[in-house]
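Heavy-atom basis, side chains included; hydrogens, waters and symmetry copies ignored. Since the structure is predicted, the reported quantities are computational estimates derived from the model, not experimental observations.
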Amino acid sequence: MLLHTLAQQFHSSHFIMSCRGKPRTAENHDTNLKEVTSTSPGRLRHTAFEETTKKPKKQGQQTQKKSEEKSDGPKTRQGRTTQDQQTQKKSEEKPDGPKTRQGRTTNPFTEKRLDIPANGTKAKTCSTRKTSMETTTGDDTNTKQKPKPETHKDISKTSPKTTTKVKTPKATLLVQFFEDPTNAELHQAAEIKTHTLAAAKPTKAKTRANNATRGRTEAQPDGAEDRTVDCILKKTLNKLKIKTKERSDAARVINDFIKHLIKYLKENTISFKEVGEPLRTGSYYEHLKISNPDEFDIMLPILAERIQIEPFKMNGAFYSVALKREMNPLKKFQQNNILSGFEMLKEFRKEVKTFAKGFSEWTMTSKKTGCPAVTLTTLVETTTISLDIVLCLQVNSHWPTFTDDGLKIEQWLGDKVKQKYKWKPYYLVPKYEGKGTEENEGVLAKDVWRISFSHVEKDIMNNHGSKKTCCEKSGTSCCRKDCLKLLKYLLHLRKEKDSSMSKFCSYHAKTTLLHACCSKSKDSDWKVSNLRGCFEHLLQEFEGHLKNVELYNFFIPSQNLLSDIRQNRCITLANWIKEQRETGFPVFQQDLQDTN
DNA sequence: TCCTCGGCCGAGTCG
DNA sequence: CGACTCGGCCGAGG
């Protein structure tokens, strides 16, 4: 969700920043800037602009996209450069095998990524999802496999255990879980110890605690417990997978709606007719959506040229926008020289509403204060899916100075990848906090924009390996995404039962993972065989953020994402997560039982 | 192993 | 010539 990116409030500043203050190019005139092919990465892009008279539409964006690719070197897919790739492809791609994604074959950014040697603490090779059949570790995400002793060894090494402390219903839940005849897969997984568990009897929740001690101490040696927790995590992950049919149905409906909406905006509106290619962001498009494909985030960008931005508050997340160009089509949304996010969103919402009248199966939800999205819902089969359409400004300029100390991915993804991201545009969404009446230097809060790097987040999530082959067919799989899914789900389960936790959101989880990936930057730190250890490490990181009430925006280190959440709530959540971690995730066990 | 979706590209078409 | 559409290909995931 984009909406979850909670904006936090800090103190005001008068720091004036022009988005052209650090121009990428000296050729920023009153015409659109279009990049043309450059054969060199990074800074050569400075000189790779070409003036065009008018066409900020699709073409412009496509051109930009292309040039970004090309500026990375001949890295286009399969190194396609000319017309005969079609035939070349067949012969070339096979040997390229694992390196072909996004033309990584020759991508100077990725090729020169830092492949830092492993710490040497984990000697075991990590099996891959796709090639697990060939390996002996049996660490496929497929839960049908029996946990192997190796796995256990690995886990026990890296996860601080509490196996000797007996104090929760965990063991009983485990026992019940394996007792359930419907848990066929787990039966297989737990075959090794079923005889010791057979005596336990499924009962109601209340009696579980009573049985816990016995189940734990008598029936389960530590190793068995480790494997069991592993199974629970894998089983939970399996449960979170999106069904192909649901995905297919939802994608069809969403894409159809968006396609027609864009057509409508181009043909029937003045203010939004130059809307660019939709940016599909958020968890669904990052392959991080869990359970159901029921939330879609799509940003519709409008190229904002010749603008000047000024921080609205001290945390660097919010900005006011002024148009420098007289003839700007967005001029009508200016008030007191400030481009009003509120006014622009209001008109956008009106247009979407008009359009949606022709789609009777779609319902527009009421406006939420400060929310940048126009949200529509529809029913697909039996599931209600919601579509957040976020109007945004695309700014092809240097990122604001507040981001200078963010995105610390050098050790993880490499300097060049970081540079590549820094050359991408950034986006501004009409989002504010509070009632919008707060004033700062003559600017009303409701007129401000919040900066967004959803496009980079998505790219990182889909290219998350320190090694370029991470999670590719012939490479080694990691469990970064699985850990994040589990954390998101853990949070979800808690929020479901406790409304006081509503301010916590999946963006907190995602940000925690990003930070964790920077501190544990090697792919070998995230072996799929060590899912439990990695997940528990991620939880510990999250607990630390919560206890300190400090979780900084990955891109804007001055923004604390927890700053407007009460400390005691953070502590409460941290303690709960710690307990879950130390007792084998009873909430997951219960959830799996409820499913069966 | 095969399928679907999303992303990306070049070729083709239209005005 | 630019704007736009279409179809092919690939990787990720199921």
Between A:Leu387 and A:Thr377, is any pair of side-chain heavy atoms under 4.5 Å apart?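 Result no, sub-4.5 Å side-chain heavy-atom pair not found.
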Between [X] and [Y], does the ring centre distance come in under 6.0 Å?
{"X": "A:Trp423", "Y": "A:His398", "value": "yes"}
{"X": "A:Phe272", "Y": "A:Phe348", "value": "yes"}
{"X": "A:Phe355", "Y": "A:Phe257", "value": "yes"}

In whole Å, I'd like the distance from the [atom1] atom of [X] to the [atom2] atom of [N].
{"X": "A:Ile242", "N": "B:dG6", "atom1": "CD1", "atom2": "P", "answer": "11 Å"}
{"X": "A:Asn292", "N": "C:dG14", "atom1": "CG", "atom2": "P", "answer": "13 Å"}
{"X": "A:Lys473", "N": "C:dA12", "atom1": "NZ", "atom2": "P", "answer": "8 Å"}
{"X": "A:Lys239", "N": "C:dG14", "atom1": "NZ", "atom2": "C1'", "answer": "18 Å"}
{"X": "A:Glu246", "N": "C:dG13", "atom1": "CD", "atom2": "P", "answer": "18 Å"}
{"X": "A:Lys241", "N": "C:dG13", "atom1": "NZ", "atom2": "P", "answer": "10 Å"}
{"X": "A:His464", "N": "C:dG11", "atom1": "NE2", "atom2": "C1'", "answer": "13 Å"}
{"X": "A:Ile262", "N": "C:dA3", "atom1": "CD1", "atom2": "C1'", "answer": "15 Å"}

Atom NZ of A:Lys263: over 12 foreign heavy atoms under 6.0 Å: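 Not buried by this count: 12 neighbours or fewer within 6.0 Å.
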Could you give the angle between the helix axes at the two ends of the helix from B:dC2-C:dG14 to B:dG15-C:dC1, with five pairs per end, rounded to 10 degrees?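 One end's axis against the other's: 10°.
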Collect all protein-nucleotide pairs involving nucleotides 2-5 of chain B in which both atoms are nitrogen or oxygen and the distance is under 3.5 Å.
{"from": "B:dT4", "atom 1": "O3'", "to": "A:Ser248", "atom 2": "OG", "distance (Å)": "3.2"}
{"from": "B:dT4", "atom 1": "O2", "to": "A:Arg247", "atom 2": "NH1", "distance (Å)": "3.3"}
{"from": "B:dC5", "atom 1": "OP1", "to": "A:Ser248", "atom 2": "O", "distance (Å)": "3.4"}
{"from": "B:dC5", "atom 1": "OP1", "to": "A:Ser248", "atom 2": "OG", "distance (Å)": "2.1"}
{"from": "B:dC5", "atom 1": "O4'", "to": "A:Arg247", "atom 2": "NH2", "distance (Å)": "3.2"}

Taking the six-membered ring for Trp, are A:Phe554 and A:Trp412 parallel (under 30°), tilted (30 to 60°) or perpendicular (over 60°)? perpendicular
Which is more 5' along DNA chain C, the nucleotide nearest A:Met461 or the one nearest A:Lys263? Just name the residue.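 With A:Met461 and A:Lys263 compared, the 5'-side residue is A:Lys263.
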For A:Glu286 and for A:Lys259, find the nucleotide of DNA chain C with the closest heavy atom, then tell me which residue's nucleotide is more 5'. A:Lys259
Sidechain N-carboxylate O distance under 4.0 Å for A:Lys510, A:Glu286: yes
Inspect the contact between A:Asp523 and A:Arg480 and indicate whether a charged nitrogen and a carboxylate oxygen are less than 4.0 angstrom apart.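 The answer is yes: the pair qualifies as a salt bridge.
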Check the phosphate of B:dG7 against A:Lys458, side-chain N and O only, distance under 4.0 Å to OP1 or OP2. Yes or no?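 For B:dG7, OP1 or OP2 has a side-chain N or O of A:Lys458 closer than 4.0 Å.
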Checking B:dG6, C:dG14, C:dA12 against the side chain of A:Lys485 (C-beta onward), the nearest is C:dG14
Walk me through it: do A:Phe535 and A:Phe585 pass the test ring-ring contact (aromatic ring centres under 6.0 Å, His included)? CA-CA 11 Å; A:Phe535 180 50; A:Phe585 307 103; 5.2 Å; yes
